[in-house]
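Below: one structure, written as structure tokens.
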Amino acid sequence: MSRFPKDFLWGVACASYQCEGGWDADGKGPNIWDEFCHDTAHQHIKNGATGDVACDSYHRFREDVALMKAHNIRAYRFSVSWARVIPDGDGAVNEAGLKYYEDLVDELLANGIEPLVTLYHWDLPSALQDRGGWLNRDIVEAFGRYAGIFAGRMKGKVKKYMTLNEPQCAAAFGYGVGIHAPGWTVSEEKVARVYHHMCLAHSAAYRAVKAEAGEDVQVGVAPCGRLTYPEKDTPANREAAYKATFAMPADDWMFTFNIFLDSVCLKRYADDIPESVRRFAATVDPKDWDLMEAPDFIGVNVYNGKMVDETGAYVARYEGFPQTACRWPVTPEVMHYGPLQIGQRYGKPVYITENGQSCNDRIFLDGQVHDPDRIDFLHRYLLELSKAVGEGLDLRGYMQWSFLDNFEWNRGYDERFGIVYVDYRTGERIPKDSARWYAKVIETNGECL
Ligand code: NOJ
């Protein structure tokens, strides 16, 4: 018997800047990733790559949806390019941009695929960045307005939204260390302000989507962060792992789930926030906490985690530890314990909104793309996930990252996460072995695992 619930939502995910292309098509405004990639004074991206064309899904989305259908995909998590819909972020609406997403949503629905919409996956309109981006509180109202406009147009069609994708990466990489757009490096206190504005923006969007599209529309969020798992499956070791996942040490607080989720779900900061966050927290207007909205569900993006022993100390990885093409450790156990920890702390339904691996994929002599290591990775992670379901996790869906190979941010096109290969010379799509394998997993609701 499969442990996955009967109406489990099996899907795939991607994001606007990573797959759409059409960077200046039909009235779209420039966003911070366009600018970051076009910055000729600095090479921020591997090989100087850009998302100008990417997978060209802006023009080829019908072909992509047909491929999804052919592989039994039930849900497509995609993100909306804010600057395509509102070119300067808070001014006039670009009808062609809205129409593009409406056509995509209609195409998905016509093929029996549920759209899961992420409103922000890092591509902020440049005009808003010029006014300080996430450091300027005006962004809260602008994001709420944009969310309401989008959701109003998709009323009756889109039933599930995520406000923000991985605010942790947008804040820590974009404003902390500067390896992602906008490439700023501000003080930790200011990064804490970025987070606070993101929490308020999430909350404003939560209210706007419900107001425009109906109370029954589900509004979640898709954060990420450090997850840890126990070395031994004992209650004491599980407890130590839980504590390590939500700990906020001064040198490792930015990349945590709770820097975002404690604010919106628990309406407070954790007790152990470091001094820099504490200084910012002291400036927060207490009335802000009343504005926070807990998401209806939590989307958890899971790639890897760290093992801890019963004392909560990290267990060193052995030499030659399994790793992916981009050298991330392969740690399937994190998929068992991580989602349970999130469910336990916040008491909300969980979706896995991303999981997958990059491989050094290529077209073989037989014209196919064989990717047994991806299949093994997904298989291992899904088996671990089924243990969490067996222990009572309220899990509603799983989105594999990613359907197509795509633009992997500062790593450019070197990393291939897709279950469908994209030949960037021609745009041709070639389903990999893993796409056929995943189709079978979906068909059997995980029974074949
Ligand atoms: C997290 C991000 O949301 C996504 O944009 C990225 O491509 C994948 N993980 C893989 O790094």
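First listed ligand is number 1; within each ligand, the first listed atom is number 1.
Annotation for Glu391: atom CD counts as buried by contact number, over 12 foreign heavy atoms lying within 6.0 Å. Around NZ of Lys159, the count of heavy atoms belonging to other residues, nucleotides or ligands within 6.0 Å does not exceed 12.
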Side chain to side chain contact (heavy atoms under 4.5 Å, CB included) between Asn111 and Met68: does it pass, once the steps are laid out? CA-CA 9 Å; Asn111 284 281; Met68 286 177 207; over 6 Å; no
Apply side-chain hydrogen bond (donor to acceptor under 3.5 Å, both in side chains) to the pair Thr353 and Asn301, showing each step before the final yes or no. CA-CA 5 Å; Thr353 35; Asn301 293 353; 2.6 Å; yes
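Here the options are Leu378, Asn360, Asp376, Asp433, the test is side chain to side chain contact (heavy atoms under 4.5 Å, CB included), and the partner is Asp371; only Asp433 passes.
Sorted by chain and number, the heavy-atom contacts of ligand 1 below 4.0 Å come from Gln18, His121, Trp122, Asn165, Glu166, Tyr303, Trp328, Glu354, Trp401, Glu408, Trp409, Phe417.
Checked against salt bridge (Lys or Arg N to Asp or Glu O under 4.0 Å), Glu188 has no partners two or more places apart in sequence or in another chain.
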